[in-house]
Amino acid sequence: MAEHKLLLKYTDDPKHKHVDGYVAHGGYTAWRKVLSSMTPDQVITEVKASGLRGRGGAGFPTGLKWSFVPKDSPKPRYLVCNADESEPGTCKDRVLLECDPHSVIEGMAIGAFAIGSHLAFNYIRGEFDFPIAVFEKAVEEAYAAGHLGKNIYGSGYDLDVVTQTGGGAYICGEETALLQSLAGNRGMSQMKPPFPAVEGLYGCPTIVNNVETLAVVPHLINNGGEWYTMFGTEKSKGTKLFSLSGHINRPGNYEVEMGTTLRYLIEELGGGIPDGRKIKAIIPGGASCPFMTPDQLDTPLDYESIAEAGSMLGSGACIVLDERTDIVWTTYKLIKFFKHESCGKCTPCREGTKWLTQLVERILNGEGEESDIDKIDNICHNILGRTICPLGDAAAMPVISAVQRFRQDFVDRIKAKNVLPMEQFPFN
Amino acid sequence: MSDTATKTQSETPAVELVTLTIDGRQVSVKKGATVLDACRQEGIAVPTFCWHPKLRSLGACRMCYVEIEKFPKLMVSCATEAMHDMVVLTDSEKCRAGRKATIEFILLDHPLDCPTCDKGGECDLQDNAFEYGLSDDTRFAFRKARNVRDKNSTFDDLTIGPEMVRNQNRCILCYKCVNANQEAFGEHDIGAYQRGHHTEIDAVPGGQVESLYSGNLVEICPVGALTSSDWRYKIRVWNTQTVPSLDPYHADGANLTLWKDVRKVHRATSRMNDDIDDGWISDIARYGYQVATSDRRLKTPMVNKNGVMVEVSWEEALTLIGRRFKEVKESQGAPCLAGVVSPNLDLKTLHCFNKLFRGALGSNNVDYRSDYSNLATDANSTYSYMASRSFSIANLASSDVIFVVGSNVIREHPNLHLKIRRAIFEKLGWLYTANPFVTKSGDCSTDEMIYQPGTDEVFLNGLTLSLIKQGLADKEVDTAKIETLLVPNTIEKCAEICGVSVERINECANRLAAAKSPTLIAGELVSTSSERENIAKAFYNVALLLGIPQNKRGQAAILAKAANSKGAEALGLSPELTEGQTSSLKNIFGALPELQGSNWDAILRGAVGEEIKAMFIMGANPVQIGVDHSHIKKSLESLDFLVVADLLETPTTALADVILPLSSFAEYDGSFTNLEGRTQDFTRGMKLVGSSLPGYEVLNLVAEKMGFNLYADQESLQDEITNLLNSYTAPERKLHLMESHYPSPAQAPENSFPLLVGDALHHYGHLTEMCHSLLAFDSEATLELSADLASRLEITSGDSVRISCGKGEKLILKALVSETLEGDTLLAAHNFAAKPANCLTSREKRVAYVQIEKIEKQ
Ligand SMILES: Cc1cc2nc3c(=O)[nH]c(=O)nc-3n(C[C@H](O)[C@H](O)[C@H](O)COP(=O)(O)O)c2cc1C
Ligand code: SF4
Ligand code: SF4
Ligand code: FES
């Protein structure tokens, strides 16, 4: 298994982001096919058959999620594209929005049709000025060309697509917080159930999907769900985008078949570590995933294998850390991020991330005690599984893996009792 | 009549039960209940912070953990639905560890300032920390310095509302206050700002937490983060005792608890009654107890001696009253005596009042409706009929369509307002409101219809016509002659006059007709209108066409406003008695005076016309609150002898020959009958202020001076009342459509605007001016006007405006540009004695039209 460009096939072609360029590459044929010859159930069946799983981090089967929308609800339904991409290290949705916006629109349209929605939102991270502009232009072009609007292709189906800029918080990428923010409220996560598919935006059935998930959908219609299962492993189908960053020669977005090894991604595609240095740790799926170690380089990149290796595929942000990296400091950076981004709703996440930050900071300041390491681990376990949304887990898991897999680094740091001046940190 | 109202219509659909095991016990609960509900039902204590029984669970605090078999994680019981065959442990090792971790997180930088915190002694955090936080291995990261918060997150106390102080350091960010404010009250004046552990609870930027329900937020805050200025630093809670009490103002009958020590009452809080209040009370009910402790209270009787009020002994005052009443009775006849009593007084007092006049003095001239004018003179009026229909607040929950006409619900019935909101949101039901101005209930209404002031019956007749024309009317009602009964008699014409379009009237009619269990509510704008009978008939017609009086479905009533209006009606405190009342009263009083009594309208006329010579006013303040200040004042001035009993000096006591100090509801035991006809008791919370006495004792002393005794003991008095209430039957009638004519309106004078006079948001009647906490919200009478009108007249909030009416009366008020009001209607409050807004109203005119001009600022 190796690189395979399905989503990134045309992203280098500047014409592709316009409707004509997209259509020239076969764009909108899936949408036409759906409207002219398919029922919502048939669409869902194809997506289920493909085995596509959500690319936003949780990896939930997409077709199954769509089928949760109650068929008999008298309320309007909504489809929401989650383009709030803010997980540190992740920049894969951005490339799709910027270079292939019509595939996102087409995916949104097909998803909306599948759940009977006539209004779809794209909730794009507020700081994404350029992607927002490109996407909005694309929506305008799609309306003009008759791919959106009233009575599309004469089918009688109406669909509007609205762009909403994000509320400027990482938590607004979490689906329930996103829907609160979209409705004009403070972006805070809500308890589930009720799940958005039953009670989401304005209390109506709503499906939230990641940009990449939706961009895959037109391919499933064009080629059939079955076709997609050719790629990938037994349980993780298709291709996946990875955002490679950190101490790497060629950082960037790469698309590989599920099951490709971490080593291939880092060494073949990323060109290895600069100056031939050794790898110290890898965060395979974004800041919320536990660290992996160099001995795990041959792990295949699929949901199951990574989980077996003690980490998560997450959003596919692969961060490589070389031997010079100070893990205590990296941990500090991570936990500080989560502390800053905690929505503050539930006690363990709000208070726990703050406490952890203070403890790691104390160690960095040369004031730590060895018992702090166990205390950190214990606090993490008081957060883990105790919060409303997964942000709490996301904060705890990398920290747990840091103190467990790199305990010696912490011990050394505490024993040395030295304060490292900021500029000496190798990785800023 | 006490409980019939609730029973008549509550639907009892078969409830599906689920059975689970909690700590080894089998528990069955209604499907949909949470695990926490199940625990509470079984009496198993589970600690909570963010949960409230009447709100959707937030799951924020993570205190209520339980362990459930097959669930790998600890579950928050408040947000986990109870399922069949669940096996729940509430006190396992794992549970306790989870709760302990939560307490540890919360205490991380909670200031341990319990000795100076008002919540101390009734703080959920204190209690839960004691249970889950204490042990020798308590581990805090920064133990030595742990109550020193880092500078960035230390906050000073902040006053965020007229009665609210926030201490962010103590806030455990459970979000209960924000949640309740939005969900239960539909208010947005408190919110969370910043993010994560920097989150702050604060008033909306540029605003204050000042809704009618603000005090509830203080009450439900689990810690001392929100405190009320009223209670702050007054007394430690463990040095108080509680007694059950009631909202003494509104007819909803919200339940209160009074907190007292040996000296006096220190605060009032809610006392949850699911059928009425859900544990929410208005700030008027909460701070209204301050009438008991106000230093404006009358403490001794006073007698007018040569134009000067002189403090005298009870003996002297009573002797004078006895002598003068006897003189009038003997020289001019008993019908020259009249009595007016407030429907905010308790049942014992009302009954004694009746007994004094009808029994001892021999006059049927008694009334409790001094707030109204143009009263019907017939016990079988349609108004009385509609006002005495059974009504249940609890039944709102099963109403699929609620229709409100002529009622600013939030100001008349603060609890009903919340129940309506809840019913609408929980059932996703439909609410239609029709009023001459925008009201708060409009927020959650499907359609908020605004009709022209003084066209209430026209709007309702439009609805009647719509129901008939669309074939939606109850088939058994004879509608053939409708065109001859109504003027105007086409829906188009009605729409044109009232200003609500035919389409909207039709839609409302459709929705009402489709309802399984509609609730129709009419309120004070109907009761206070000079066309009340006409409007009542129009309202009745709509109800009839929907099959409501026929008991086919739903409920419809004109709702009473005062805490005991219903009691006053049932006890026979107005001259028009039903046959049943006449015979019951005869039984009790021995006999009733022959001559038909005069109602309040006739009493006022009689006073000017020399037919009424002496009057006893108890608890009412018609000069300030009644319709038409100058008319009432003139009438009372014409009397030979006027006795007024009240809590404080008022514009009415100013005209009295004798003033008697009355005790407040907090000083004696009594009962009120609420708008549903439910009789509830309140309990004495402090000793009588000064030499004041409860109404019934005052009345008995007066009676004794005339050689009568109103009661042998309290039990016999109570028995008489119970008998009367139980034997009371509301008027019945033949069910057919009524005539309702729209009288052609007087031409509105040039450049003038309709004015409605009523209660300010945070006040009720004349007493609340004694409550300093309520004055903190509204301290003076204002003229509310819409932003649109304000801009046309170039008036801004705070400007002084002169208001004048045709009669030549003038009043200067401060303008308040309202956020909700639309159109030209003006609202003025009558709660402030110094500004008698009723000087602008008239007993003849249906709508008061006034001119306003801005007084140039100096
Ligand atoms: C803290 C947090 C942040 C998240 N941010 C994103 C995001 O930026 N983009 C995204 O697609 N999903 C994000 N998610 C996941 C979403 O909640 C949700 O699972 C996803 O949008 C569903 O789409 P999918 O099924 O297509 O993966 C986030 C989740 C959490 C807990
Ligand atoms: S886990 Fe954190 S981000 Fe998620 S709801 Fe709780 S406080 Fe908010
Ligand atoms: S102020 Fe009180 S009720 Fe509001 S969030 Fe803080 S602790 Fe909870
Ligand atoms: S009470 Fe259940 S989470 Fe707060």
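Chain letters run A, B, ... following the sequence lines, proteins first and then strands; every chain starts at 1. Please read all numbers here as calculations on a predicted model, not as lab measurements.
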For residues B:Asp109 and A:Lys354, determine if any side-chain heavy atom of one lies less than 4.5 Å from a side-chain heavy atom of the other.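 Sidechains of A:Lys354 and B:Asp109: in contact.
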Hey, does A:Lys345 have a side-chain heavy atom less than 4.5 Å from the side chain of B:Thr199?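 No. Closest side-chain heavy atoms not under 4.5 Å.
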Residue by residue, which of residues 66-78 of chain B have a heavy atom closer than 4.5 Å to a heavy atom belonging to chain A?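 Those residues of residues 66-78 of chain B which have a heavy atom under 4.5 Å from chain A are B:Lys73, B:Leu74, B:Val76.
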Can you give me the closest heavy-atom contact between [X] and [Y], atom names plus distance?
X: B:Gly59; Y: A:Cys346; value: O-CB, 4.5 Å
X: B:Tyr65; Y: A:Pro348; value: OH-CG, 4.0 Å
X: A:Arg350; Y: B:Ile172; value: NH2-O, 3.0 Å
X: A:Ile388; Y: B:Leu58; value: CD1-O, 3.8 Å

Looking at B:Arg62 and A:Arg386, would you say the former's side chain and the latter's main chain have a donor-acceptor pair under 3.5 Å?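 Side chain of B:Arg62 to backbone of A:Arg386: a pair is present.
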Looking at [X], I'd like to know if its [atom1] atom is crowded, meaning that more than 12 non-hydrogen atoms belonging to other residues, nucleotides or ligands lie closer than 6.0 Å.
X: B:Arg422; atom1: CZ; value: yes
X: B:Arg56; atom1: CZ; value: no
X: A:Lys75; atom1: NZ; value: yes
X: A:Gln404; atom1: CD; value: yes
X: A:Lys235; atom1: NZ; value: no
X: A:His340; atom1: NE2; value: no
X: B:Lys94; atom1: NZ; value: yes

Once you round to the nearest 0.5 Å, how far does [atom1] of [X] lie from [atom2] of [Y]?
X: B:Thr80; Y: A:Met191; atom1: OG1; atom2: CE; value: 6.0 Å
X: B:Thr102; Y: A:Asn382; atom1: OG1; atom2: CG; value: 8.0 Å
X: A:Ile379; Y: B:Glu104; atom1: CD1; atom2: CD; value: 7.0 Å
X: B:His197; Y: A:Cys349; atom1: NE2; atom2: SG; value: 11.5 Å

Residues in salt bridge (charged side-chain N to carboxylate O under 4.0 Å, His left out) with A:Glu341, at least two apart?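 B:Arg195.
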Residues two or more places apart in sequence or in another chain: which of them pass salt bridge (charged side-chain N to carboxylate O under 4.0 Å, His left out) with B:Glu81?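 With sequence neighbours excluded, B:Glu81 shows a salt bridge (charged side-chain N to carboxylate O under 4.0 Å, His left out) to no residue whatsoever.
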What parts of residues 172-188 of chain A touch chain B if we use heavy atoms and a cut-off under 4.5 Å?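 Residues A:Arg186, A:Met188 are the ones that qualify, each having a heavy atom under 4.5 Å from chain B.
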Heavy-atom distance under 4.5 Å to chain B: side chain of A:Thr387, backbone, both or neither?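 Backbone of A:Thr387 only, per the 4.5 Å heavy-atom cut-off to chain B.
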Side chain, backbone, both or neither of A:Lys192 within contact of chain B (heavy atoms, under 4.5 Å):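 It is neither, since no heavy atom gets under 4.5 Å.
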